Protein chains: 2
Amino acid sequence: MTTPPTRTGRGRPPRLDPVRTIETALALLDEGGLDALTMRRLADAMGVQAGALYRYFATKEDLLTAMAERILAQVSAPTAEEGGSADWSARLSALARSLRLALLAHRDGARVFAGTHSTGPNTLNLADSGIGILRGAGFDDADAARALLAVVHYTVGHTLEEQAALSPAGEAPAAPEVLREAVTAAGTYPHLTATLPILTSQDHADRFEFGLGLLTRGLLTRA
Amino acid sequence: MTTPPTRTGRGRPPRLDPVRTIETALALLDEGGLDALTMRRLADAMGVQAGALYRYFATKEDLLTAMAERILAQVSAPTAEEGGSADWSARLSALARSLRLALLAHRDGARVFAGTHSTGPNTLNLADSGIGILRGAGFDDADAARALLAVVHYTVGHTLEEQAALSPAGEAPAAPEVLREAVTAAGTYPHLTATLPILTSQDHADRFEFGLGLLTRGLLTRA
DNA sequence: ACCTGAACACCGTTCAAGT
DNA sequence: ACCTGAACACCGTTCAAGT
């Protein structure tokens with residue numbers, strides 16, 4: 001209890017360890033968004049010179065990949081009771097919802113995820129359990145894999161847009177206003193005009209559920 | 001025929017016009033990808049100093065938005081004979097395929113599209129005709145709008161991934177190798193192991209069609 | 001009106017040198 | 001082994017001044 005914090009080797013303990021660095025980077029992400037996350041600012045926050053970061057991350061992209069992997073730690077693979085007994089479509093939906101929430105948990109989380117290609121355990125677990133749900137439901141390998149990819153791509157595409165509409169945080173006139181303006185000004189978009197209330201709605205959860213429902217019901221016709 | 005090119009006003013004609021600037025920017029995008037497209041390099045290509053670009057585009061983001069709008073010019077709204085007589089699900093699928101191809105027509109096209117929010121005519125036409133197809137099929141306003149958004153989000157998510165796997169162009173070991181390595185090394189991903197051939201397949205058109213089929217068949221159960 | 005020149009406040013990355 | 005200091009080769013953006 002009174003041991004100095006993390007004194008694993010001899011020599012003086014490094015000021016920089018990858019785990020703390022990734023967590024600090026996520027904190028900076030939440031504060032200022034992806035564009036404000038620079039190697040220099042991260043180094044500052046870690047009390048170190050910028051060049052020192054490169055002993056643990058070869059490039060900024062490597063750092064971002066590690067961040068994406070860390071973000072997916074919040075995805076709960078539904079092997080537990082919550083989804084273990086439910087039917088396959090409910091379990092697949094739960095996985096997709098969990099992915100969306102994990103991405104939403106950090107500012108620009110979807111951008112970080114979409115811009116990297118992690119092959120870490122959290123990422124692979126997500127994919128493995130998703131495909132497992134579908135194979136367990138009787139889908140063949142090709143259908144199970146392609147269906148999981150479709151669900152992930154939809155989820156990322158949706159959340160990317162959801163966070164883009166969210167990130168400006170009160171700078172510009174905000175997307176809905178701009179769209180309403182453009183549509184009404186032109187006057188040549190009857191279907192956009194009719195659906196403007198839905199298109200400018202901020203009920204992103206509802207939107208997400210609708211698309212997710214299409215995918216799972218489409219899958220159901222194949223089962 | 002012998003008139004000097006584009007002599008519309010008096011005074012000397014500007015060296016910089018927005019249309020040529022956007023086209024040059026797209027050419028630079030195709031050459032080096034999004035990360036290599038800088039305002040300075042674009043200025044160079046236009047034979048001008050970097051600051052001069054700011055008379056026509058307030059920020060780089062504005063330029064990127066104009067590029068996204070230009071990219072969508074290749075999307076053919078299926079009001080013509082190709083899709084005019086087909087049923088609504090075929091027409092909606094044709095629109096989605098057309099969007100994917102337009103994004104694929106430029107390097108990092110999906111990234112440019114996903115990172116911007118154009119309200120130009122090409123963008124609005126795409127959305128209006130998509131929603132129009134669905135309303136014409138009998139869907140109510142809410143369902144038509146949310147279905148079109150789902151299709152667009154899926155298409156963007158898919159194409160983002162498709163181009164990410166494509167862009168490196170032979171630098172790193174390429175995504176499929178890395179994935180195979182990570183999965184086989186861990187040995188704890190039975191479903192990934194079983195579906196590795198599909199997951200590492202490069203038949204992106206097939207993958208896209210599968211997800212698109214899920215969405216349209218899911219929609220069919222609502223019609 | 002349109003563009004130049006030059007600056008401001010930054011970037012990611014590398015690498016000899018220190019401790 | 002781990003980090004500093006300092007540099008290299010860039011960025012986006014602004015703005016007085018020229019023509």
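Just so it is clear, the structure is predicted and the values come from calculations on it, not from any experiment. Order of the sequence lines sets the chain letters (A, B, ...), proteins ahead of strands, with each chain counted from 1.
With rounding to whole Å, A/E61 atom CD is found 13 Å from C/dG12 atom C1'. The separation between B/D44 atom CG and C/dG5 atom P is 13 Å, rounded to whole Å. Rounded to a whole Å, the CG atom of A/D35 is 15 Å from the P atom of C/dC10. The separation between A/L53 atom CG and C/dC15 atom P is 17 Å, rounded to whole Å. As a whole-Å value, the separation of A/M39 CE from D/dT4 P is 14 Å. For the pair B/Q49 CD and D/dC15 C1', the interatomic distance rounds to 14 Å; values are reported in whole Å. Rounded to a whole Å, the CG atom of B/L42 is 13 Å from the C1' atom of D/dG12. Remark: P of C/dT14 and CZ of A/R40 are 13 Å apart, rounded to the nearest angstrom.
Between A/G51 and B/G47, the one whose closest nucleotide on DNA chain C sits nearer the 5' end is B/G47. Between A/V48 and B/A50, the residue anchored nearer the 5' end of DNA chain D, judged by the nucleotide with its closest heavy atom, is A/V48. Remark on DNA chain C: of its neighbouring residues A/R55 and A/A36, the 5'-side contact belongs to A/A36, judged by nearest-heavy-atom nucleotide.
In this structure, of C/dC3, D/dG12, C/dG12, it is C/dG12 that holds the atom nearest to the side chain of A/K60. For B/L16, taking side-chain heavy atoms from C-beta onward, the closest of the listed nucleotides D/dC2, C/dC3, C/dC11 is C/dC3.
At the phosphate of D/dT4, OP1 or OP2 sits under 4.0 Å from a side-chain N or O atom of A/R15. At the phosphate of C/dC2, neither OP1 nor OP2 sits under 4.0 Å from any side-chain N or O atom of B/Y54.
Using atom P as the reference point in both C/dC10 and D/dA9, the two lie 22 Å apart (nearest Å).
Side chains of B/T65 and B/T116: a donor-acceptor N/O pair is absent below 3.5 angstrom, by distance only. A donor and an acceptor atom, one from each side chain of B/H106 and B/D30, are located under 3.5 Å apart.
At least one side-chain heavy atom of B/Q163 sits under 4.5 Å from a side-chain heavy atom of B/L104.
Taking a cutoff of 4.0 Å between a charged side-chain nitrogen and a carboxylate oxygen, B/R146 and A/D203 do not qualify as a salt bridge.
Here CD of B/E177 is found 13.0 Å from OG1 of A/T119. Values are rounded to the nearest 0.5 Å.
When both distances must be under 3.5 Å, the Watson-Crick or G-U wobble mate of C/dA16 is D/dT4. With a cut-off of 3.5 Å on both pairing distances, C/dA9 has no Watson-Crick or G-U wobble partner at all.
Residue-level contact check: B/F57 touches neither bases nor backbone, having no heavy atom under 4.0 Å from any strand.
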